[in-house]
Amino acid sequence: MPLINNDAEHDPNRILPLDYDWARDYYQAGVNNNWVPEEIPMQDDISQWNGTALSDAERQLVEWNLGFFSTAESLTANNIVLALYEYVTAPECRQYLLRQAYEEAIHTDTFIYCCDSLGFDPDYLYGMYERVPSIEEKDEFVVNLTRAINRPDFTIDTEDDVREFLRDLVGFYVIMEGVFFYAGFAMMLGLKRQNKMVGIGQQFEYIMRDESLHVGFGVDLINEIRAENPGVWTDEFGDEVTDLITEAVELEKLYAYEACPDEILGMSAEQFAEYVEHVADRRLGQLDLPEQYGTDNPFPWMSEQVDLNKEKNFFETQVTEYQSGGSLDW
Ligand code: FE
Ligand code: MN
């Protein structure tokens with residue numbers, strides 16, 4: 001049974017027997033990670049936000065990341081439901097997409113919760129992508145990669161169509177969730193390490209745990225489609241994907257330098273840029289593409305949080321690291 005809709009033979013309403021055990025494994029790993037933002041108290045964050053605990057630069061960092069993520073989570077959810085779901089017809093993959101869509105709803109709820117508890121003006125927060133050019137550029141970069149499959153008449157008939165579909169997967173799973181999200185995670189977890197906005201930081205930790213599964217599923221989906229459609233992933237297409245990822249790294253560096261102009265939290269924009277390169281190399285490796293940077297991880301504590309190396313084979317470690325239901329127990 002193909003993952004995508006280029007074969008009318010199979011019945012999308014029969015999940016058993018499974019063809020893709022890995023998709024089912026991601027579903028169960030997602031269930032083990034259940035959480036809701038309301039579990040996390042915001043009292044300390046509220047008093048820090050209303051007091052003098054944070055510098056102007058730190059406040060801007062919080063606002064920009066909430067602004068970026070609130071829109072990005074919604075774009076991601078819409079891409080699953082409105083674009084991907086129709087074409088990923090394997091029932092166990094659809095089951096995971098439904099789970100992921102639910103998790104994106106939880107992430108969206110997180111920003112409602114933060115907005116409410118900190119008393120943000122919703123127009124201010126949700127208009128951030130329009131006011132901050134480096135946020136808008138990131139969103140537009142990803143959305144542009146999905147234009148083709150969003151056309152109402154798009155169907156997957158030719159190898160070119162499969163490549164269009166893969167561009168969407170690369171855009172959302174590898175670039176949006178896999179690269180753009182991770183600099184924001186480092187920023188918010190960096191604040192938390194300094195005991196600043198700990199409630200929001202903890203929510204970002206839960207989100208990051210979910211996102212590491214989303215990225216893993218997306219990469220496995222890409223690699224499965226690639227294996228099932230051997231003519232599609234040409235050297236030329238591999239080069240194109242590499243170029244997309246390196247372009248995304250440049251956009252993310254721009255964002256890091258604007259979001260974090262002065263050294264704060266003992267972390268500099270240069271370090272965020274290095275971190276983005278480090279993460280991008282890992283994504284390239286997951287797609288069997290050559291690494292482009294060879295940059296060391298400037299934030300070793302990020303890999304203690306969610307070891308990027310573990311994303312590839314997290315099932316081996318999930319019993320101790322992921323089976324914690326609502327509690328965060330790394
Ligand atoms: Fe998300
Ligand atoms: Mn996600």
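We count ligands from 1, going down the list as the structure has it; atoms in each ligand are counted the same way.
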query = Closest to the Mn ion (ligand 2), which N/O/S atom of H214 is it?
reply =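 Checking each N, O and S atom of H214, the shortest distance to the Mn ion (ligand 2) belongs to ND1.
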task = Among the N/O/S atoms of E211, select the one at the shortest distance from the Mn ion (ligand 2) and name it.
result = OE1
May I ask you to check if any N/O/S atom from [X] comes under 2.8 Å of the Fe ion (ligand 1)?
X    : answer
H107 : yes
E211 : yes
E104 : yes

inquiry  = I need the OE2(E177)-the Mn ion (ligand 2)-OE2(E104) angle, rounded to 10 degrees.
reply    = 110°
Is the terminal nitrogen or CZ of [X] (NZ for Lys, CZ for Arg) located under 6.0 angstrom from the six-membered ring centre of [Y] and within 45° of that ring's axis?
X    : Y    : result
K138 : F68  : yes
R24  : Y96  : no
R283 : Y182 : yes

query = Does atom CG of N50 have more than 12 heavy-atom neighbours, drawn from other residues, nucleotides or ligands, at distances under 6.0 Å?
reply =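 Check passes, neighbour count above 12.
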request  = Sort out for me which residue in M208, H214, E73, E252 forms a side-chain contact (heavy atoms from CB on, under 4.5 Å) with F181.
outcome  = E73
task = Assert yes or no for the condition that the ring centre distance of Y126 to F120 is strictly below 6.0 Å.
result =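 Between F120 and Y126, which both carry aromatic rings, the centre distance is not below 6.0 Å.
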ask   = Looking at E73, which of its N, O or S atoms is the nearest one to the Fe ion (ligand 1)?
value =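 When I compare the N, O and S atoms of E73, OE1 is nearest to the Fe ion (ligand 1).
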